[in-house]
Amino acid sequence: MKVLKDQQQRLQTELLAWGNQHRRALPWRETRDPFLVLVAEVMLTQTQVSRVATIFPSFVQRFPTIAVLADAPIQELLALWSGLGYNRRALRLRECARSIHNQHQGLVPDDYRVLRSLPGIGPYIANAILAQAFNHRVSALDTNTRRVLLRAFFGTLEQTRELQRKADELVPAGQIWTWTQAVFDLGATICRPQPACAVCPLQEGCLFQGRGDDPHKTPRRQSTFEGSHRQLRGRVIAAFAQGVTTKAELARHIGLSDSAFDQVYNELAQEGFFEPNTT
DNA sequence: AATGCGGGGTG
DNA sequence: CACCCAGCATT
């Protein structure tokens with residue numbers, strides 16, 4: 001037992017040192033503003049770091065605070081979101097800002113339960129905000145960091161709840177932000193699904209040692225995008241974001257004025273994509 | 001537990 | 001063309 005703890009501490013020290021040497025320079029790492037961290041984490045759900053890095057700066061320049069985002073015109077919101085995909089995230093992010101603005105004194109909550117109650121914030125984003133913006137000793141567990149910790153530190157498959165507890169204990173009290181970035185960076189550059197163990201700073205003492213399969217379960221396959229419903233939604237929203245705002249104009253712009261367009265339009269309207277600003 | 005949600009990048 | 005990607009909400 002003690003041996004295991006000592007080993008974990010060695011790995012922890014190695015990972016922290018490596019992280020400080022190899023930290024990726026990313027726009028959202030230049031701030032600890034809870035609001036900006038929140039925006040970055042929402043953008044990063046199922047969307048590559050490289051793409052978020054190109055869009056995050058202009059987005060937060062236009063919507064730099066809770067109050068400003070809460071009043072964002074949806075058309076402009078979607079225009080600045082363009083390129084990130086999963087457009088409903090943008091709507092939920094705006095709703096989240098409104099909720100914080102109206103019910104939480106305009107301050108991002110520093111409590112897990114309260115964060116989870118906000119639209120678009122699940123277990124991962126709640127912990128990511130708490131760790132990076134509020135210095136809480138919790139682990140931001142996504143597929144990336146889960147893989148790293150399971151491989152190097154725990155070795156066996158754990159239940160979600162138990163893994164979260166152990167991962168939280170692994171966060172060094174004095175270097176929470178640094179630790180969080182180090183785990184992300186190792187997972188993104190070395191401890192990938194196909195890992196580069198030969199150049200890994202944890203190769204001595206890692207429980208994985210290149211053996212076995214990726215502990216992360218293989219994700220579902222997504223149906224072909226070309227010709228899909230999702231693509232059609234994307235085209236309608238892209239046109240709307242560029243200023244084609246009426247239903248008739250959108251129908252003409254998309255090029256199918258039949259019931260197929262009607263269905264997609266109504267679906268998007270139902271989700272709130274065309275709503276005017278109602279404060 | 002399973003499904004829908006975007007779309008650009010890579011091999 | 002298949003597969004990948006800092007999840008969440010809904011059913």
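On a predicted model such as this, the values are computed, not experimentally measured, just so you know. Keep in mind that the numbers below use all heavy atoms, side chains included, and drop hydrogens, waters and symmetry copies.
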Going by the rule salt bridge (charged side-chain N to carboxylate O under 4.0 Å, His left out), which residues pair with [X] if we only count those two or more places apart in sequence or in a different chain?
X: Glu30(A); value: none
X: Glu267(A); value: Arg233(A)
X: Arg62(A); value: Glu76(A)
X: Arg24(A); value: Asp185(A)

> Judged by modelled atom types alone, do Gln132(A) and Gln181(A) share a side-chain donor-acceptor pair under 3.5 Å?
Replying inline: yes
>> Tell me whether the side-chain N or O atoms of Thr47(A) pair up with the base of dG6(B) as donor and acceptor below 3.5 Å, since no angle test is needed here.
In response: yes
Nucleotide [N], atom [atom2] - distance to [atom1] of [X] in whole Å:
X: Leu268(A); N: dC5(B); atom1: CG; atom2: C1'; value: 11 Å
X: Trp81(A); N: dG6(B); atom1: CH2; atom2: P; value: 11 Å
X: Leu141(A); N: dG7(C); atom1: CG; atom2: C1'; value: 13 Å
X: Arg116(A); N: dA9(C); atom1: CZ; atom2: P; value: 7 Å
X: Met43(A); N: dC8(C); atom1: CE; atom2: P; value: 16 Å
X: Tyr86(A); N: dT3(B); atom1: OH; atom2: C1'; value: 11 Å
X: Leu80(A); N: dG6(B); atom1: CG; atom2: P; value: 18 Å
X: Glu226(A); N: dC1(C); atom1: CD; atom2: P; value: 8 Å

> Taking only residues two or more places apart in sequence or in another chain, which ones pass ring pair (Phe, Tyr, Trp, His ring centres under 6.0 Å) with Tyr265(A)?
Replying inline: Phe261(A), Phe274(A)
>> Just to be sure I understand the geometry, which residues of residues 228-243 of chain A put a non-hydrogen atom under 4.0 Å away from DNA chain C?
In response: none
> Where along residues 162-188 of chain A does a heavy atom fall under 4.0 Å from DNA chain C?
Replying inline: Phe184(A)
> When you measure from the side chain of Arg88(A), which nucleotide among dG4(B), dG7(B), dG7(C) comes out closest?
Replying inline: dG4(B)
> Given that Ile121(A) and Asn144(A) both sit by DNA chain C, which one's nearest nucleotide is further toward the 5' end?
Replying inline: Asn144(A)
>> Side-chain N or O of Thr224(A) versus OP1/OP2 of dC1(C): is the shortest distance under 4.0 Å?
In response: no
> C1' atom, dG6(B) versus dC3(C): distance in rounded Å?
Replying inline: 15 Å
> P atom, dT10(B) versus dA6(C): distance in rounded Å?
Replying inline: 14 Å
> What's the verdict on salt bridge (Lys or Arg N to Asp or Glu O under 4.0 Å) for Glu95(A) and Arg92(A), showing C-alpha distance, side-chain angles and the deciding distance?
Replying inline: CA-CA 5 Å; Glu95(A) 286 309 306; Arg92(A) 293 209 180 105; over 6 Å; no
>> Test: ring pair (Phe, Tyr, Trp, His ring centres under 6.0 Å). Region: residues 97-117 of chain A. Which pairs qualify, not counting sequence neighbours?
In response: none
>> Going by ring pair (Phe, Tyr, Trp, His ring centres under 6.0 Å), name the pairs with one or both residues in residues 7-52 of chain A, residues two or more places apart or in two chains.
In response: Trp18(A)-His22(A), Trp28(A)-Phe56(A)
Is there a donor-acceptor pair under 3.5 Å between the side chain of [X] and the backbone N or O of [Y]?
X: Gln203(A); Y: Ala198(A); result: yes
X: Arg23(A); Y: Ala182(A); result: no
X: Thr31(A); Y: Asp33(A); result: yes
X: Thr47(A); Y: Leu44(A); result: no

List the atom pairs, donor and acceptor, that lie under 3.5 Å between side-chain atoms in residues 77-88 of chain A and the rest of the protein, sequence neighbours left out.
{"from": "Trp81(A)", "atom 1": "NE1", "to": "Gly85(A)", "atom 2": "O", "distance (Å)": "2.9"}
{"from": "Arg88(A)", "atom 1": "NE", "to": "Glu271(A)", "atom 2": "OE1", "distance (Å)": "3.2"}
{"from": "Arg88(A)", "atom 1": "NH2", "to": "Glu271(A)", "atom 2": "OE1", "distance (Å)": "3.3"}
{"from": "Arg88(A)", "atom 1": "NH2", "to": "Glu271(A)", "atom 2": "OE2", "distance (Å)": "3.3"}

> At under 4.0 Å between heavy atoms, what does Arg92(A) touch on the DNA or RNA strands: base, sugar-phosphate, or nothing?
Replying inline: sugar-phosphate
>> Expected output is a numbered-order residue list: members of residues 13-40 of chain A with a heavy atom under 4.0 Å from any atom of DNA chain B. What is it?
In response: none
Using the 3.5 Å cut-off, write out each protein N or O paired with an N or O of nucleotides 8-11 of chain B and the distance between them.
{"from": "dG8(B)", "atom 1": "N2", "to": "Gln48(A)", "atom 2": "NE2", "distance (Å)": "2.5"}

>> Is there a salt bridge (Lys or Arg N to Asp or Glu O under 4.0 Å) between Arg10(A) and Glu14(A)? Walk through the geometry before answering.
In response: CA-CA 6 Å; Arg10(A) 261 196 303 281; Glu14(A) 286 297 322; over 6 Å; no
